[in-house]
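We count residues from 1, following the sequence as given.
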Amino acid sequence: MNMDSPQYEIFLKEPALMESSYGRKKYVKTVIFRADNPAKMIEEIKSNMKLLCNE
């Protein structure tokens, strides 16, 4: 399997329970991924942060 290198790493405030495709469960503190459209993703995150800060 050919895997691309990750673009982003998100550090979680608290560990979250993750269940793998094989049914194994574990707590994770980071999420590492690639985005198909990085510019759009960053735009959405910034927009959502502004909405959350205004509440």
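- In this structure, Arg24 contributes its side chain and Glu19 its backbone to no donor-acceptor pair below 3.5 Å.
- With hydrogens and angles disregarded, a donor-acceptor distance shorter than 3.5 Å links the side chain of Gln7 to the backbone of Ala35.
- When all heavy atoms of Tyr27 and Leu17 are compared, the pair lying nearest together is CD2-N, 3.7 Å.
- Each of Val31, Ile42, Ile32 was compared with Tyr8 under the side-chain contact (heavy atoms from CB on, under 4.5 Å) criterion, and only Ile42 meets it.
- Atom CD1 of Ile45 sits about 13.5 Å away from atom NZ of Lys50, to the nearest 0.5 Å.
- A chain of hydrophobic side-chain contacts below 4.5 Å, direct or via other Ile, Leu, Val, Met, Phe, Trp or Tyr residues, connects Leu12 to Met18.
- Using a 4.5 Å cut-off between side-chain heavy atoms of Ile, Leu, Val, Met, Phe, Trp and Tyr, with links allowed through other members, Val28 and Phe11 fall into different hydrophobic clusters.
- Put simply, Met41 and Leu51 are part of two different groups of oily side chains (I, L, V, M, F, W, Y) that touch within less than 4.5 Å, one to the next.
- Interatomic distance, Arg34 CZ to Ser5 OG, rounded to the nearest 0.5 Å: 5.0 Å.
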